[in-house]
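The analysis underlying the following values was restricted to heavy atoms, covering all of them including side chains, and did not include hydrogens, waters or symmetry mates. Below, read A as the first sequence line, B as the second, and so on, with proteins coming before strands; counting in each chain starts at 1.
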2 protein chains.
Amino acid sequence: MPIPVARHSLMREMNEMAVMTVVRQHGPVSRRRIAEVTGLTKSTVTVAVQRLFSKDVLMELGSVTAGPGRPERLLGLNPDAGYLLGASIDVAGFQLLLFDLEARVLDQKRGVFDAKASPNEVLEALAQAARLLRQQISARKYWGFGVSIPGIIAPSGTVIHAPNLKWKEVEAGEYLRRQLPGPLYVVNDAAAGAIAEYYFGNALTSEFLLYLSLGMGIGGGVMMGGNLLVGIHGAGTEVGHMVIDDNGPYCRCGRQGCFEAVASLRALTERAMRTRDVRDWVGLDHIIEAFNQDEPWARQALEETLHYLQQGITNLANIFDPDTIVLGGPLSRFGEYLRAQIERRVNQDMMIAGHRSIAVRLTRFNEFTSAFGAGAMALNTAVTTRA
Amino acid sequence: MPIPVARHSLMREMNEMAVMTVVRQHGPVSRRRIAEVTGLTKSTVTVAVQRLFSKDVLMELGSVTAGPGRPERLLGLNPDAGYLLGASIDVAGFQLLLFDLEARVLDQKRGVFDAKASPNEVLEALAQAARLLRQQISARKYWGFGVSIPGIIAPSGTVIHAPNLKWKEVEAGEYLRRQLPGPLYVVNDAAAGAIAEYYFGNALTSEFLLYLSLGMGIGGGVMMGGNLLVGIHGAGTEVGHMVIDDNGPYCRCGRQGCFEAVASLRALTERAMRTRDVRDWVGLDHIIEAFNQDEPWARQALEETLHYLQQGITNLANIFDPDTIVLGGPLSRFGEYLRAQIERRVNQDMMIAGHRSIAVRLTRFNEFTSAFGAGAMALNTAVTTRA
DNA sequence: TTAATTAGTTCGTGTTATATTTTATATATA
DNA sequence: TATATATAAAATATAACACGAACTAATTAA
């Protein structure tokens, strides 16, 4: 029963986090400005910054002088302060990244599997690869490991259900913690996407962010005021099985007209196969290429899919009322056209057009969004607890 | 930019709120148990309780002895500590309640209007009635006034848009604050419903509550860990215009197949008129009576509506993953049958049946839920700031 | 040079949660 | 009945903390 209470030790951490947030969002900033934005006094900021210095997560970036008075001394993140391991697992395999606090990749590995690979095989290979990458940095600068999985994950790190991977009750957290000592997080892939966009991506200053992972399934992740929205059972924001067409096609979950039954990569591909009248699986690369060359079958397949995407995303915009929506996953590769069409419809069809405006953006991390976000899970605790 | 920072003055308030929460949820409790539940030390609890004593919001309710050792002295809410004014405005008029901290009504007033009444007329009559009720209690024990309105409300209290009332850009907050000095809150009706259920109703211990107001429109309110979910533009949880049937009937918002176009009281009534083949408006009382007497037309109308209710609510359960859903509004008068049918379907059709269970309950406040909740808006600040 | 201006630090103060000690009130047992 | 034991709550001492005021630092303008 986590009733929020005040503890002295938490206060310092809260201030340090607030300072970090301002530095992260507003680039190099002076102490004065940090005090202004957070509402803390100058003296409190001084102390918090000193502590963050001693942890090596902040550094001075020279001073800037504008008009009379003592120049401002700019503070910035020290990207070399620590390194994160982030991985994302999906049907095809895993992506694993070793990156710094500015999301610059030092090294990466990829694992490829066929659909028959058991959870244990996948996790074993991932742990092996992670150990190799981890050796490249000093133990002191290793801040943690995060793994994203497209499924429902209990707080302990157990994968309760990941339909696309066909995983059920896999104790991924426990296993990986044994294999790789140190902070370890297992997290839903769309939730990881939201974290990635908030910490490194295209939603740094968002107060209320909705990230959508548009792939074979559709997942959602929400960051509110810097906190991830997690449901009571550990299932974050399962938007993929929102019914948006009561008489629509059957979904693999058994219901009809689920969002991901009509608007996912799977739905797009099936439409492409139908409009082209072929029986073979049509790859996404192929559809995108044909779409860019304005071939009718590809255009029609996308337009139909887009309609449902617009419906579903407008639904979610009405439900959550976010300031920013970021699109990731394979479908986001349709790029600016997709983004603009969705942004237009969302802002047009909100309950009160005009009064609200929601920015729709594309992820800047391509297929790596979830891996970055999973790694970023270790950030908060690392910054506040070290040294 | 509300970056959370630590302030000394806030810490005390946090502890006091935590203590109040435990007392509210667990009935009469000892200090020891409060310390246990909150994780605070016994001494901290002692201090917090003393402060709450001096504010008169807590009182001792005798002691209980079980086994050896000093008996526990039970603490409970002092219902007489303060009184709240709560009102709800809808198309028919307003309900106004004066009630104590245990939601017992001291007095109430009702305002009736026809559809042509201007916002100013309604607000003027409401302010008048509120002043009368307020006179019945001492100024010291008046804790505040909350008004719920079915629409989107800016933090300032301005009603941005309330389609059913046909209000737009009405500065209700400013007006009422002038008329009635003291704490004043304007809040969405479904949000108020969630607050009412959390503080006084059937979701006292819920960590993640979804309240649904099922009336001419459908509204949603979410309480997470004791905090109301509010979107970035002040539109809480506008679930009514979630499209759940892409080819469904047109909604008054212009889109097709919105939740409230197929599952609201309006939709039910229209179905009843169709199945009975009459042109006159059929009242809800009449439908409920007919349904209870098992008349086919009424049963059919409800079953159709229920289907869409189940679809929409399952969607929301998947999206939010709450532990409790409370149903309010006129449609909730179908009672246990409705509740059971929805609970069954929601728990059956969740992403992973078995692993999650969601309690579906009915409001216990009938048409007064929103009024209680609106009034309860004043609770937190009153408890922490007085004396 | 000197005054004015702005940024950042130092230090004293009051508030706070916590740990420790003390007091209060019961049961169990010889 | 006296004594030991167990538990709850209060009192007291302590250390951490944010804050405000005074102070120092580093620049421009005159």
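In this structure, of D:dG20, C:dT18, C:dA7, it is D:dG20 that holds the atom nearest to the side chain of A:S43. Comparing C:dT5, C:dT16, C:dG8 by their closest approach to the side chain of A:S30 singles out C:dG8. With D:dT27, D:dC19, D:dT7 as the candidates, the nucleotide lying closest to the side chain of A:L40 is D:dC19. Side-chain proximity of B:T41 to C:dT18, C:dT25, C:dG14: nearest is C:dT18. Of the candidate nucleotides D:dA9, D:dC17, C:dT10, D:dC17 has the atom lying nearest to any side-chain atom of A:R51. Taking the side chain of B:R73 as heavy atoms from C-beta on, and the options D:dA10, C:dA7, D:dC19, the nearest nucleotide is D:dA10.
Side-chain atoms of A:R364 never come within 3.5 Å of backbone atoms of A:N202 as a donor-acceptor pair (strictly under, hydrogens ignored).
The NZ-C1' distance, from B:K42 to D:dA9, rounds to 7 Å in whole Å. Rounded to whole angstrom, the span from the CE atom of B:M11 across to the P atom of D:dC17 amounts to 10 Å. Atom P of nucleotide C:dG8 and atom CG of A:L58 are separated by 13 Å, given to the nearest angstrom. D:dA8 atom P lies 12 Å from atom CZ of B:R31, rounded to whole Å. Counting to the nearest Å, the P atom of D:dA18 and the CZ atom of A:R7 are 16 Å from each other. Distance B:E36 CD to D:dA8 P: 8 Å, rounded to the nearest Å. Distance, A:R70 CZ to C:dT5 P: 18 Å, rounded to whole Å. Computed from coordinates, the A:I34 CD1 to C:dG8 P distance equals 9 Å when rounded to whole Å.
Using a 4.0 Å heavy-atom distance criterion, A:T65 is classed as a sugar-phosphate-only contact. Residue contacts shown for A:T46 include a base, since a base heavy atom lies under 4.0 Å away.
By the 4.5 Å heavy-atom criterion applied to side chains, B:L101 and B:L84 are counted as neighbours.
Between B:R33 and B:E36 there is a salt bridge, with a side-chain nitrogen of the basic residue lying less than 4.0 Å from a carboxylate oxygen of the acidic one. B:K55 and B:E16 are joined by a salt bridge, as a carboxylate oxygen and a charged side-chain nitrogen come within less than 4.0 angstrom of each other. A salt bridge links A:E60 with A:R31: the closest approach of a Lys/Arg side-chain nitrogen to an acidic carboxylate oxygen falls below 4.0 angstrom.
Applying the 4.0 Å criterion to OP1 and OP2 of C:dT16, one finds that B:N15 has every side-chain N and O outside that range. Contact annotation: B:Q50 side-chain N/O to D:dA11 OP1/OP2 distance is under 4.0 Å.
When each of A:E13 and A:A66 is assigned the nucleotide of DNA chain D with its nearest heavy atom, A:E13 is the one assigned upstream, toward the 5' end.
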